[in-house]
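These notes are about the structure you will find just below.
Quick caveat: nothing in here was measured; it's all calculated off a predicted structure. Reminder, nothing fancy here: chain letters follow the sequence lines and each chain counts from 1. Heavy-atom basis, side chains included; hydrogens, waters and symmetry copies ignored.
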Amino acid sequence: MTLKLRLLAILCAAGFLTVNTQAITPSWSYENPKVTTGEFQVRNVCMMPAEGKLSKVTMKGGQGMSSESDNWTSALENMVEAHLKTAGAQILQASDAMASGASDEEIRQVIVQLNQKYEDVANQLNRHPKDIKKSRFTLGDDAALLPCAAKSDVLVFVQGEGQVTSGGKKAMGMLVGGKGNVSYATLVLTMADAKTGEILAFARLSNAESFGDKFVDQTENVYGKALDKQFSRLRIGVYLDKKKH
Amino acid sequence: MHRKAACLKCPTLALVLLVMFPVAVTCAQELDKAAADFHFTDVDTQVLHDSKAIDEQYLKKGLVLQDPQLQPFLDSVGKRIIGNRPIPDQVEFKFTVLRDPMVQAFALPNGSVYVTTGLLSLLEDESQLAAVLSHETAHVFERHGYLENRSFRKKALTLNILQIVASAAPAGGNFSQSVQLFGAAVNLGAAVSSEIIVASVFGYSREMEHQADNDGLIALSNASYDPTAMARTFELLDEDSSLEYEPIQGFYRDHPKLTERRELALQYASTHKANKPEADDKKTYADNASAAICSEIQLDLSSRRERTAVDRASKLSDMFPDNPKYKVLLADSYRALGAKTKLPSPDERTRHGQAEHRKEYFSMTPEEEQKRLLAKPDGQAALHDNEATAEQLYKSALQSNPNYADAHRGLGFLFEQEGRYNEAATEYQSYLSMVAGTSMDHLRIERRLAAVRKLSDASMQSR
Ligand SMILES: [Zn+2]
């Protein structure tokens, strides 16, 4: 085989891998039927502080992305809030003391506790998300300790995790195959009953990109439509009224 | 979790160092020289920048515990340990408590020293805390964070915290946040700089850790703390770790090293007496650290570490028998223990038992775990005992202070759990009558009261 032919073969193989990796992980969601049927109505939402984590993989190894992670977290949080608002939901913040007598320290403690409970539940939730339909998972009614709980139907957890793969690493990955040739991100949305803590919905929106890392600074383009679809499915706010008629 | 064998410049010694500490002198001298000759490069400036970013994240995410009694206490111990040593360039010592059940302390290269509520609630006296701070501050004085980072770069080591965390995650879990339940500080810090966090939380090179222990022991004696405190701390860390399954274990839980470090610390202490060692007062320590211990008990209860909660609350309650708050926390812990025993059974302590516990931890919800335990007579007996203990403790708290609302609330929870709905309603009502309408737990208890009233009516009717 001549050098040119060999190069062509390599490029074809790389192209094949690229096409294959565009849809590595499909997005999915599971909901409790009481939400999708409208029996449990979601009009007021309390946002838990979002968690976003980006890391970078280069030919030299892994790296943290401190300021990017921070900006990405805010972007994810703002985007989810904006789409919830578009759906007609009222937004409250878990860190807001509202009219309660709770101190900032007390609220911080409760948020950390709820996050811990959530992470515990996530161990089983990640494995058997279908069981949401059977009301298997709950944070317990500690959820109601948050000052926002009184005026909210649900607590919303927003978690993002992304890996930005450098161009060199991607090119190498394409040549040798394997998972190293894409940048990928996962956005997880979880909705829990604000009074009882029951997990009502769990959605995972994933994307993998062979070229670029759009999820980092074009969150709206990447997730916007999927979010609207998700909120319509959950019959949040205006979607609830629309489907009634 | 030690990745590097030893100083690159003395490979023969490196092997010996694995066995004997005193021979580490040569490498320690090299490290001393490296710290003394230290000058900032661009790479180091990035580390400094990342350290500040980690500090900001901890504060922003609400992990920092701010308490008016604990903070000055921690600051005073830290200050005493630092003494009048010259502070290195670009270092500002700051001592901070993190809300995190992971038993851990670590220092960032900029001088930020973190101690978790998990560790503070385990320690027993001020000199043990001083021992921890003396070790951590030594890493800062010796510039270990920067030096370690430089050596990472030289060797192009591709350490990624995600891989370490993933090794603790359940099989198939591709979302590393599934283990955030434990070690929130590690996860959050790693998002900023995995290199800094890997080294500071999971341990620096063997020589650096030896040097930090050694320098720490000297600082401890110079500050007139009992030098045996370091050995006692290692012993405590080793003993406590059998209580519960821990998804991630940092350097403070590294067992073979704890035994070795304890022996070396004892050797040192036997030849170095403190100038004027002060008598250790466990009660004063517990009082000063009470905010961290109480926070930790709540965190333990939120992360299925009920045995640890019972242990920590017992210590507080034993030391301050008249304090209803601690009694109620202990009662809450016994109530949460449910069908579990206070201590792991001999079966649970075996390798197989531990593996089973680990499996359950990831596959069962707390409710399912309780149900499984209740299927056996042992579980039923444990539940009965724990509920009886909790009831007695709540009532005892009310004896010392009849208006202590939290005790009424706890009794309400307990009676509801036991199906004693009428009594639960009475307790919830007492609670609500004692707290302001704006109190954090008003909504939850109102809802519970309505629910138990319904259940109580239903059971009356069925009779
Ligand atoms: Zn250390």
Please classify the contact between [X] and chain B as side chain, backbone, both or neither, with a heavy-atom cut-off of under 4.5 Å.
X: A:Ala50; value: backbone
X: A:Ala99; value: backbone
X: A:Ser103; value: neither
X: A:Leu125; value: neither

Check whether [X] gets within reach of chain A through its side chain, its backbone, both or neither, counting any heavy atom under 4.5 Å.
X: B:Arg447; value: side chain
X: B:Ile445; value: neither
X: B:Glu56; value: neither
X: B:Ser439; value: neither

Where do A:Asp120 and B:Pro366 come nearest, in terms of heavy atoms and distance?
->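 Looks like OD2-CG, 3.9 Å.
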Is there any residue in residues 136-146 of chain A with a non-hydrogen atom under 4.5 Å from a non-hydrogen atom of chain B, and which ones are they?
->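 Within residues 136-146 of chain A, the residues that come under 4.5 Å of chain B (heavy atoms only) are A:Arg136, A:Phe137, A:Thr138, A:Asp141, A:Asp142, A:Ala144, A:Leu145.
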Is there a donor in the side chain of B:Ser295 and an acceptor in the side chain of A:Gln109, or the other way round, less than 3.5 Å apart?
->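 On atom types as modelled, these side chains qualify, holding a pair under 3.5 Å.
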Main-chain N/O of A:Gln113 paired to B:Gln298 side chain as donor or acceptor, under 3.5 Å |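 Checked: no pair found.
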Less than 4.5 Å apart, side chain to side chain, heavy atoms only: is that true for [X] and [Y]?
X: B:Arg99; Y: A:Arg108; answer: yes
X: B:Ser363; Y: A:Arg127; answer: yes
X: B:Leu301; Y: A:Gln116; answer: no
X: B:Lys61; Y: A:Pro49; answer: no

Any pair with a residue in residues 99-130 of chain A that passes disulfide (SG to SG under 2.5 Å), sequence neighbours left out, goes on the list, sorted by first then second residue, please.
->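 Passing the test, one end in residues 99-130 of chain A: no pairs.
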Do you know which of A:Ile107, A:Asp70, A:Val121 has the most heavy-atom pairs under 4.5 Å to chain B?
->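 Of the candidates given, the most pairs with chain B belong to A:Asp70.
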